[in-house]
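Reading through the structure tokens given below for one structure.
Everything numeric in this text was worked out from a predicted model, so none of it was measured.
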Amino acid sequence: MKKAENLEERIGIPWLRYYIYINMSYINLEANAYDLSMKYAKKALGHAQKHNNVNWKCLAYNHIGTIFYYKGNKDSASYYFTKILRHLKRITSKVERVAYMTNIGYIFYEYGEYKKAEPLFRQAFNLLDVPTTRINLAKVCYARGKTEECDTLLAKALEGANFDEKAEIYQFMAEKAEKENSPEEANIFHKKEKIMQDSALARKKTEEMLSLQNEYDNMKKDERTGHRIGMIIVISASALLFFAISSVVLFRRRANRTRRQITEIRKETDKYQRELENAERTSRGDKKEIERLKKKLEQGEARLSAILDRGKDLYDSVKLDGNVSKWSKDDFEAVVEYLRAKMPDEVRMIEETHTKLTAYATFFLLLSAIGMDAADTARIMGISQGAVRTMRHRLKKKEKGGNNN
């Protein structure tokens with residue numbers, strides 16, 4: 001992409017320059033390089049404003065809002081996402097309109113503004129009836145007391161959902177059952193959630209193997225035909241198209257809440273443990289209350305186990321011969337939380353001695369603590385050994401009390 005950027009500066013094609021900027025922003029966002037991602041997103045916005053292109057503006061607003069969200073800046077994220085609203089009617093692609101509505105609606109939903117989120121989620125659902133839009137609408141309906149509509153939407157969403165979507169549905173149904181004081185039902189849903197997560201991970205591994213096989217077959221074919229160089233332009237065009245489409249992400253699908261979920265579960269279990277100890281100390285302890293608290297504790301352990309097991313599975317998948325090239329932000333967070341449970345002192349040491357580390361950077365630093373050398377780290381992270389040295393140097397500057405110049 002950097003080569004394409006340098007080449008485009010000499011050619012001067014407006015649409016190509018825009019998509020290079022937006023793709024560079026997308027790539028750096030996926031790599032957790034927020035400052036660099038923001039730099040390219042703002043370049044894309046400036047280019048879009050210069051050419052007065054509404055579609056380009058909205059995509060740039062979406063990127064900037066997403067970056068601010070992941071940096072924890074609620075006000076700035078909301079500011080840029082809501083800038084898209086006045087342009088929605090001019091977005092010709094139905095899928096893009098639905099994605100923007102989903103992203104803006106999610107921001108409102110995440111911050112408890114359900115009244116603002118519902119019409120956006122409902123419009124998205126009416127435009128595109130897919131599991132994602134059904135799940136969103138179901139969640140906000142439940143938040144606004146529309147339980148029957150929520151249940152109907154979730155049941156229908158399950159029919160066409162993939163493994164990841166089913167895991168999310170079962171997680172929400174478990175949380176819903178907990179709020180409604182139905183621990184047995186919640187446990188059943190958590191078990192189903194874990195099954196779906198395992199199935200999604202197994203499918204991902206299969207897809208990776210098929211992808212590697214296809215890449216190898218294509219490489220051999222290119223060696224025989226000598227057409228490798230001739231295909232570069234076509235491949236580059238396909239990559240541009242892919243990133244351009246992928247940049248308008250359905251934001252709800254990428255939200256990283258693993259750490260917060262674990263913190264909430266641990267707070268709840270600590271609370272229930274204290275209540276249980278108090279109840280058992282009294283000779284006239286309420287047996288029903290004691291049983292209820294024990295079930296709550298079992299339920300919390302099941303939820304925590306489901307999250308940590310996912311992190312363990314991901315870690316095991318790369319420890320010997322895999323890499324993280326297809327991991328999402330949520331995957332890195334899940335693995336860090338698994339390693340926090342396995343080696344708490346090492347994780348705490350890294351977090352206490354560095355400032356503003358992403359889950360990606362934390363995992364990178366943990367590889368050394370685990371005993372991985374530069375070659376292993378390069379393989380796992382999917383980068384060169386030179387890039388490993390560069391990243392270590394860059395992260396050293398984030399050490400507290402270190403030289404940040």
Side-chain angles (χ1 to χ4, degrees), residues 70 72 74 109-112 139 142-143 167-198 255-315 329-359 362-363 365-366 369-370:
Y70 285 129
K74 171 190 171 183
Y109 177 84
E110 184 74 357
Y111 296 125
K139 285 184 174 182
Y142 183 72
E168 182 176 1
I169 291 168
Y170 286 130
Q171 180 189 11
F172 178 69
M173 292 171 87
E175 291 169 356
K176 183 169 165 287
E178 288 166 10
K179 289 178 183 176
E180 294 166 0
N181 201 24
S182 301
E184 295 88 355
E185 192 176 359
N187 274 331
I188 292 170
F189 288 136
H190 278 305
K191 287 176 183 176
K192 289 183 177 181
E193 176 194 353
K194 177 65 167 59
I195 291 169
M196 291 302 111
Q197 287 175 342
D198 291 344
N256 187 344
R257 295 179 292 175
T258 307
R259 180 75 181 274
R260 190 178 67 190
Q261 284 176 339
I262 288 176
T263 301
E264 288 173 355
I265 292 168
R266 284 177 173 153
K267 280 182 181 177
E268 286 178 2
T269 52
D270 286 347
K271 173 191 165 192
Y272 293 136
Q273 185 63 49
R274 287 194 300 272
E275 290 178 4
L276 178 61
E277 289 170 0
N278 289 334
E280 287 177 333
R281 271 200 297 267
T282 60
S283 56
R284 298 179 183 178
D286 186 335
K287 290 183 179 179
K288 285 186 178 179
E289 177 64 7
I290 290 172
E291 188 61 30
R292 183 186 75 82
L293 290 168
K294 284 182 177 178
K295 284 181 179 178
K296 285 284 188 182
L297 285 170
E298 288 173 6
Q299 189 177 307
E301 288 301 320
R303 289 173 62 196
L304 190 59
S305 176
I307 295 171
L308 296 180
D309 284 352
R310 177 167 169 268
K312 180 181 184 300
D313 289 342
L314 286 163
Y315 173 66
K329 291 167 64 64
D330 191 51
D331 292 336
F332 282 104
E333 188 75 15
V335 172
V336 168
E337 293 310 314
Y338 161 67
L339 293 173
R340 187 190 305 281
K342 184 181 178 183
M343 41 195 294
D345 292 341
E346 288 84 349
V347 176
R348 185 170 60 252
M349 177 66 71
I350 286 171
E351 290 180 337
E352 287 179 354
T353 55
H354 293 76
T355 57
K356 297 182 180 179
L357 283 181
T358 62
T362 303
F363 176 70
L365 291 171
L366 279 168
I370 291 165

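Side-chain contact between Lys192 and Ile188 is present, with heavy atoms from C-beta onward closer than 4.5 Å. Looking at heavy atoms from C-beta onward, Leu339 lies out of side-chain contact with Glu346 at the 4.5 angstrom threshold.
Between Glu175 and Lys139 there is no salt bridge, since no side-chain N of the basic residue sits under 4.0 Å from a carboxylate O of the acidic one. Taking 4.0 Å as the cut-off between side-chain N and carboxylate O, Arg348 and Glu351 do not count as a salt-bridged pair. Looking at Arg340 and Glu337, a side-chain N of the basic residue comes within less than 4.0 Å of a carboxylate O on the acidic one, giving a salt bridge.
The distance from the OH atom of Tyr338 to the CE atom of Met343 is 10.0 Å, given to the nearest 0.5 Å. Rounding to the nearest 0.5 angstrom, the gap separating the NZ atom in Lys342 from the NZ atom in Lys312 is 7.5 Å. If you take CD on Gln273 and CD on Glu275, they are separated by 10.5 Å, rounding to the nearest 0.5 Å. Distance check, rounded to the nearest 0.5 Å: CD of Glu352 to CG of Asp345 gives 9.5 Å. In this structure, OG on Ser305 lies 11.0 Å from NE2 on His190, to the nearest 0.5 angstrom. Here CG of Leu293 is found 11.0 Å from CD of Glu277. Values are rounded to the nearest 0.5 Å.
Between Phe363 and Tyr315, the two ring planes are perpendicular [angle over 60°; tilted spans 30° to 60°].
Val335 and Gly311 get closest at one heavy-atom pair: CG2-O, 3.6 Å. When all heavy atoms of Glu193 and Ala167 are compared, the closest pair comes out as CG-O, 3.5 Å. The nearest pair of heavy atoms linking Ala279 to Ile290 is CB-CG1, 3.8 Å. Ala302 and Asn187 make their closest contact through CB-OD1, 4.2 Å (heavy atoms, listed as atom of the first residue, atom of the second, distance). Nearest heavy-atom pair across Lys296 and Glu178 is NZ-O, 3.6 Å.
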Discussion item. Applying side-chain contact (heavy atoms from CB on, under 4.5 Å) to Leu297 and Glu301, what does each step give before you reach the verdict?
Written reply: CA-CA 6 Å; Leu297 285 170; Glu301 288 301 320; 5.6 Å; no
Item to complete: Assess whether side-chain contact (heavy atoms from CB on, under 4.5 Å) is satisfied between Met196 and Ile169, documenting all intermediate values.
Response: CA-CA 10 Å; Met196 291 302 111; Ile169 291 168; over 6 Å; no
Worksheet item: Between Thr362 and His354, is a side-chain contact (heavy atoms from CB on, under 4.5 Å) present by the stated rule, with each step listed?
Response: CA-CA 9 Å; Thr362 303; His354 293 76; over 6 Å; no
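Remark: Tyr142 pairs with Phe172 by the ring pair (Phe, Tyr, Trp, His ring centres under 6.0 Å) rule, at least two apart or across chains. With sequence neighbours excluded, no residue satisfies side-chain contact (heavy atoms from CB on, under 4.5 Å) with Glu298. A search for side-chain contact (heavy atoms from CB on, under 4.5 Å) contacts involving Asp270 returns Arg274, not counting sequence neighbours.
At most 12 non-hydrogen atoms from other residues, nucleotides or ligands lie less than 6.0 angstrom from CE of Met349.
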